Every structure is written in C-alpha cells, then in structure tokens.
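Following: one structure in structure tokens, then a few remarks.
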Number of protein chains: 2
Amino acid sequence: MYQRKIPKEFYCTVDYALDIFGGKWKPRLLCIIANDEPIRYQKLKEQMENISDTALADSLKELQNAGIVKRHQFNEMPLRVEYSLTAKGETLIPVLNKISAWAIQNSSSSIYQGKHFKQIHQKAFQTKKNGD
Amino acid sequence: MYQRKIPKEFYCTVDYALDIFGGKWKPRLLCIIANDEPIRYQKLKEQMENISDTALADSLKELQNAGIVKRHQFNEMPLRVEYSLTAKGETLIPVLNKISAWAIQNSSSSIYQGKHFKQIHQKAFQTKKNGD
DNA sequence: CGGCATCCAAAGCGATACTG
DNA sequence: CAGTATCGCTTTGGATGCCG
C-alpha cells in the first residue's frame, strides 16, 4: 500500500465522494461486485481483465476502509475470500446509475463499441442488480 | 498539455462520465463556474485558491473539448475571457447534486470542518444556481 | 490579462518475486 | 488461493519564465 507524502484535501462534497468510488478501478470494481456478489478474489480479477494484484488489492482495501465493501474469509484449504457490498455500498448504486444515465445520454454512441464496455455496462448500472 | 503514451480505455459508463467531470480539479471547477457564471480566468483561479495556471488551463480546455464549458473572449485591452456552462454542462448539475447528496449523508461530519469545503459546497451543488 | 513551454518532484500503477 | 514487497516506468501537476 502506497503511503502519500502530502495529505489529500477535499474542497467540495463531490471531491469527497469521488475519492471513495472514483478513480481508475473502483467504478468498474463496484459494478462487478454489485452484479455478482458475493464474488471471490480470482473471479473479480478475471472480470477486471487487465488489473494487477497490486491495484486490485489496494482498491479493495480502500473500499473496505470506506465501508463500501465487506470481505468474508473462509478458513478452508485452499483459502477462500468473498467480497460483497455493505448496506452503505448499496446506497451507492442509485448514484452510480445516475452518473451512468448521464453518460449514456450525453456521449457519442461510438464509445459503446468496445465489447467490455457494453458487457459491464449492461450488467451493472443500467439495471439495478437483479439478485444474480 | 501532456500527451499520453498509453491511450485511455473505458470499461463502463461511469468511467466515461468521470473522465469528463471527475479528477482532482474539475468537480470544484464546475462547482465554481455553475455558481458564478460567467466568470473570468483570474477570478476562477482565486476561487480555486491553490491551482496552478498549468492545471487550470488544462482542466478548462478538457471541459471545453467535452462541450461542458464555453469560453468567450473579449478582445479588449487588457484581455478579458469569460467562462460559463453550455447547455450540456447544465445537465451535469443534477448529477453532481446527486453525488453531493450521497457524500453528505454518508460521511462523518468531521469532513465539513475545512472552511473551503463548506463554502463551495453550499454555493454550488446544494442549491441549483440561483441566477447569480 | 490569459494563458503556454519547460522542467522536475510526487503519485499511480504493472511486473515480478515472494508469503501465510 | 489470496494476497504483499519491491522496483521502475507512466502520468500528474506545481514553479518558473515567456508571449500575444
């Protein structure tokens, strides 16, 4: 886990919120967890497709520290760990859907051509999670 | 303006939206413009309080390229330039308000102690802009 | 006044190797 | 299996100086 030398500062509420669920990985991560919870580390990594362990572990830890995601460890052999949303995490879904809806309305359709884009988008933030 | 070596990719609609209005400066910038438009470059810089010209000019240019902010130049002496939201930019305000509302509900009250935080938050995303 | 060009420090992030 | 430690490259962004 990287340690900042200069502490972060927030100047508006949006800054604060985006520190929790914004950035390079966390929107997609939340999208996948919301649709597939509880989900194991390896499956999460596969669905992220191009994330490193470093980035995945760090992102998950940040989401846990923010109380958005919970981690459940089964002390089996081999080890099994499952991630899912907390109640607070669930409250984020309508917010993400609002952002998603804006993006769909206000973008050129060309951005939807990437296959991963479509898949994840449809699964997660278009429809609310449908109970798996 | 920095040129990326590795092109950006988006995997979900939220990624796409946050590329437009997320990041370190743009939420606050939009907040200030929404409340004070049209607003001049220098005043914008003062209200941002700790932004460099490099970061401010780059952020403004990105917002212009995304069609969120418009620039109006008066060829007076000395030069005057004013920034304001486009119609598309206005559609972002409810989205930002939604994010802001979530942050207020789901955060410890301690984060509101910074004076800048309160000021900007109240002016911009709580109430819709009130016509100045 | 409203920027842009250059340079450099800080932060983000992947690859690899390793651990419980 | 589910991560962590270290390293180095990529990217961000502030300081300074310059220009129309």
Side-chain angles (χ1 to χ4, degrees), chain A residues 1-11 15 18-29 32-33 38-65 69-84, chain B residues 1-11 15 18-20 22-29 32-33 37-65 69-84:
Chain A
M1 196 75 161
Y2 176 78
Q3 287 300 324
R4 294 189 139 261
K5 296 178 188 172
I6 301 168
K8 258 184 195 165
E9 288 183 28
F10 305 116
Y11 293 86
D15 283 344
L18 293 185
D19 185 59
I20 293 175
F21 68 80
K24 184 169 183 178
W25 304 112
K26 285 182 280 184
R28 231 196 317 163
L29 203 48
I32 292 170
I33 295 174
I39 184 170
R40 296 181 63 168
Y41 183 89
Q42 277 305 325
K43 194 165 179 202
L44 212 37
K45 190 175 173 184
E46 285 163 24
Q47 292 203 39
M48 293 295 285
E49 297 192 28
N50 58 348
I51 197 173
S52 65
D53 281 321
T54 316
L56 179 53
D58 285 357
S59 300
L60 283 168
K61 198 172 293 177
E62 286 175 35
L63 289 171
Q64 288 170 71
N65 291 341
V69 158
K70 56 174 177 262
R71 192 188 111 114
H72 190 254
Q73 177 171 336
F74 300 85
N75 286 322
E76 307 169 350
M77 207 51 185
L79 188 59
R80 179 159 62 109
V81 176
E82 290 184 348
Y83 291 92
S84 52
Chain B
M1 196 76 159
Y2 175 78
Q3 287 302 322
R4 292 188 141 263
K5 296 178 187 171
I6 301 168
K8 259 183 194 167
E9 288 183 27
F10 305 116
Y11 293 86
D15 283 344
L18 293 186
D19 186 57
I20 293 176
K24 182 169 182 177
W25 302 112
K26 285 181 280 186
R28 227 195 324 163
L29 202 46
I32 292 169
I33 295 173
E37 59 179 335
I39 184 170
R40 298 182 63 168
Y41 183 90
Q42 277 305 326
K43 195 166 179 201
L44 211 38
K45 189 175 173 185
E46 285 164 24
Q47 292 202 39
M48 293 294 287
E49 298 192 27
N50 58 346
I51 196 172
S52 66
D53 281 322
T54 315
L56 180 54
D58 285 358
S59 301
L60 282 168
K61 198 173 294 176
E62 287 175 35
L63 288 171
Q64 287 170 73
N65 292 340
V69 157
K70 57 175 177 263
R71 192 189 112 113
H72 191 254
Q73 176 170 336
F74 301 84
N75 286 320
E76 307 170 348
M77 208 50 183
L79 188 57
R80 178 158 62 109
V81 177
E82 291 183 347
Y83 293 91
S84 50

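Computation of the quantities below employed the complete heavy-atom set of this structure, encompassing side-chain atoms and omitting hydrogens, waters and symmetry-equivalent molecules. Please read these numbers as outputs of a predicted model, since none were measured by experiment. A note on names: the letters A, B, ... follow the listed sequences, proteins ahead of strands, and every chain is numbered from 1.
Axis angle between the ends of the helix from dC1(C)-dG20(D) to dG20(C)-dC1(D), five pairs each and rounded to 10 degrees, works out to 50°.
Between Ser84(B) and Pro38(B), the closest heavy-atom pair is CB-CA, 4.2 Å. Residue Asp19(B) comes nearest to Lys26(B) through the heavy atom pair O-NZ, 3.0 Å, listed as atom of the first residue, atom of the second, then distance. Residues Ile51(A) and Lys45(A) approach most closely at O-CE, 3.7 Å, considering heavy atoms.
Protein atom OH of Tyr41(B) is 17 Å distant from nucleotide atom P of dG20(D), rounded to whole Å. If you measure from atom CG of Leu44(A) to atom P of dA2(D), you get 10 Å, rounded to the nearest angstrom. A straight line from CZ of Arg4(B) to P of dG13(D) spans 11 Å, rounded to a whole angstrom. Going from atom CG of Asn75(B) over to atom P of dG2(C) covers 12 Å, rounded to whole Å. For the pair Leu29(A) CG and dC13(C) P, the interatomic distance rounds to 13 Å; values are reported in whole Å. Atom C1' of nucleotide dC4(C) and atom NZ of Lys45(B) are separated by 13 Å, given to the nearest angstrom. Rounded to whole Å, the distance from CG on Asp58(A) to P on dA11(C) is 15 Å. Protein atom CE of Met77(B) is 10 Å distant from nucleotide atom P of dC1(C), rounded to whole Å.
The residue among Glu82(B) and Lys8(A) whose nearest nucleotide of DNA chain C lies closer to the 5′ end is Glu82(B).
Contact annotation: Lys61(B) reaches the phosphate of dC4(C) (side-chain N/O to OP1 or OP2, under 4.0 Å). OP1 or OP2 of dG2(C) has not a single side-chain nitrogen or oxygen of Arg80(B) nearer than 4.0 Å. The side chain of Arg71(B) contributes no N or O atom lying less than 4.0 Å from OP1 or OP2 of dG2(C). Between Tyr83(B) and dG3(C), a side-chain N or O to OP1/OP2 separation shorter than 4.0 Å is present. A sub-4.0 Å separation between OP1 or OP2 of dC1(D) and a side-chain N or O of Arg40(A) is absent.
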- Task: Any chance you could lay out the side chain to side chain contact (heavy atoms under 4.5 Å, CB included) test for Ile33(A) and Leu60(A), step after step, and finish with the verdict?
- Result: CA-CA 11 Å; Ile33(A) 295 174; Leu60(A) 283 168; 4.3 Å; yes

- Query: Taking it one step at a time, do Phe10(B) and Leu18(B) satisfy side chain to side chain contact (heavy atoms under 4.5 Å, CB included)?
  - Reply: CA-CA 10 Å; Phe10(B) 305 116; Leu18(B) 293 186; over 6 Å; no

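From Glu46(A), atom CD reaches atom CD1 of Ile39(A) across 8.5 Å, with rounding to the nearest 0.5 Å.
Across all strands shown, Phe74(A) has no heavy atoms under 4.0 Å from either base or sugar-phosphate atoms.
Looking at Leu56(B) and Tyr41(B), their side chains come closer than 4.5 Å, going by heavy atoms from C-beta outward.
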- List the protein contact pattern of nucleotides 14-20 of chain C with one symbol per nucleotide (5' to 3'): B for base contact, S for sugar-phosphate-only contact, - for none; contact means a heavy-atom distance under 4.0 Å. BB-----

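Contacts of Tyr83(A) classified as side-chain hydrogen bond (donor to acceptor under 3.5 Å, both in side chains), with partners at least two apart in sequence or in another chain: none.
Side-chain N or O atoms of Arg28(B) include one that pairs as donor or acceptor with a backbone N or O of Met48(B) at under 3.5 Å.
Between Glu82(B) and the options Arg40(B), Glu37(B), Gln73(B), a side chain to side chain contact (heavy atoms under 4.5 Å, CB included) holds for only Arg40(B).
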